[in-house]
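Notes for the one structure printed next.
Source: prediction; values computed, not measured. Numbering of residues begins at 1 and proceeds along the displayed sequence.
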Amino acid sequence: MPVQFIIGDPLTTSAQVLAFGHNARGRTELGDIETRLFQKYPTAFAAYQKQCRVGRIKAGDLWLWRENKPNLMFMTVRDSSVGATRLRYVQANAIRIAREYSLLGIKSLAIAPMGNPYEWGEIKQVLEMWLRRIPLDVTIYDQ
């Protein structure tokens with residue numbers, strides 16, 4: 001299935017899972033999407049932070065919170081909340097999604113913009129390269 005790119009608010013997605021970039025320390029980030037998600041789903045962020053604190057989550061991992069609709073997928077694309085988004089971590093997440101989406105029970109996926117506007121072009125290319133050939137409904141929200 002081809003990856004669909006749209007402009008809009010990722011928080012209004014009808015997809016089963018909403019993925020977004022976050023950091024491996026579990027620290028709250030100040031981006032618009034992260035702030036709004038944190039305000040709406042504080043329990044998910046607290047659980048994620050706890051997993052980071054005990055060392056279960058490393059940069060390049062993904063973590064799925066299934067307690068709300070949409071489910072939240074934390075894509076760990078930075079080492080810390082002030083670090084740059086690393087393409088190798090984005091790629092590791094995309095590869096895992098491409099290989100394990102059926103094992104994870106994912107039927108549809110929306111991905112919020114991540115990184116800064118300068119990084120976004122390369123991030124989109126990596127996501128599309130790994131996700132375009134799988135039979136999964138993938139929507140990427142553009143900046």
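Residues L131 and Y101 are not in side-chain contact: their nearest non-hydrogen atoms beyond the backbone lie 4.5 Å or more apart. The shortest distance between side-chain heavy atoms of M75 and W63 does not fall below 4.5 Å. Considering only heavy atoms from C-beta on, R88 stays 4.5 Å or farther from V126 through its side chain. Side chains of L104 and V17 form no contact here, defined as non-hydrogen atoms less than 4.5 Å apart. Contact of the I97 side chain with the M73 side chain is registered, since non-hydrogen atoms from C-beta on lie closer than 4.5 Å. A 4.5 Å side-chain heavy-atom check between L127 and V3 finds every atom pair outside the cut-off. Between Y89 and R78 the shortest side-chain heavy-atom distance does not fall below 4.5 Å. Two residues are said to be in side-chain contact when any heavy atoms from C-beta on lie closer than 4.5 Å; I6 and Y141 meet this criterion.
P10 approaches I33 most closely through the heavy-atom pair CG-CD1, 3.9 Å. Contact detail for L64 and N71: the closest heavy-atom pair is CD1-CB, 4.2 Å. The nearest pair of heavy atoms linking D79 to A59 is OD1-CB, 3.3 Å. Nearest heavy-atom pair, A110 versus T13, reported as atom, atom and distance to 0.1 Å: CB-OG1, 3.4 Å. Residues C52 and N23 share a closest heavy-atom pair of SG-O, 4.3 Å. Residue A92 comes nearest to G60 through the heavy atom pair CB-O, 3.7 Å, listed as atom of the first residue, atom of the second, then distance.
For the atom pair CH2 (W65) and CG (L37), the distance works out to 13.5 Å, reported to the nearest 0.5 Å. Here the straight-line distance linking atom NZ of K40 with atom CG of L11 works out to 5.5 Å at 0.5 Å rounding. The structure places NE2 of H22 at 10.5 Å from CZ of R27, a figure rounded to the nearest 0.5 Å. Here OG of S102 is found 9.5 Å from CD1 of I134. Values are rounded to the nearest 0.5 Å.
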message: Working note: E128 + F5, criterion side chain to side chain contact (heavy atoms under 4.5 Å, CB included); need CA distance, chi angles, decisive distance, verdict.
response: CA-CA 10 Å; E128 184 178 24; F5 290 92; 3.9 Å; yes
field: Verdict with supporting geometry, I123 and V77, side chain to side chain contact (heavy atoms under 4.5 Å, CB included)
entry: CA-CA 10 Å; I123 291 170; V77 296; over 6 Å; no
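By the neighbour-count criterion of 12 heavy atoms within 6.0 Å, atom CZ of R36 is densely surrounded, having more than that number from other residues, nucleotides or ligands. Around the CZ atom of R99, the shell of radius 6.0 Å holds no more than 12 heavy atoms that belong to other residues, nucleotides or ligands.
A donor-acceptor pair under 3.5 Å links the side-chain atoms of T76 to the main chain of D61, judged by distance alone. Looking only at distances, a side-chain donor or acceptor of Q16 sits under 3.5 Å from a matching main-chain atom of G105. A distance-only check finds no donor-acceptor pair linking the side chain of E122 to the backbone of E119 [under 3.5 Å].
Residues E100 and R96 are paired through a salt bridge, judged by an N-O separation under 4.0 Å between the basic side chain and the carboxylate. The residues K124 and D142 are annotated as salt-bridged, a charged nitrogen and a carboxylate oxygen being separated by less than 4.0 angstrom.
Using cut-offs of 30° and 60° on the angle between ring planes, the pair Y48 and F74 is parallel.
When the side chains of ILVMFWY residues are joined at heavy-atom separations under 4.5 Å, either directly or via intervening members, I111 and Y41 end up in two distinct hydrophobic clusters. Clustering ILVMFWY residues whenever any of their side-chain heavy atoms sit less than 4.5 angstrom apart, transitively, puts V138 in a cluster other than the one holding F20. Using a 4.5 Å cut-off between side-chain heavy atoms of Ile, Leu, Val, Met, Phe, Trp and Tyr, with links allowed through other members, I106 and I140 fall into the same hydrophobic cluster.
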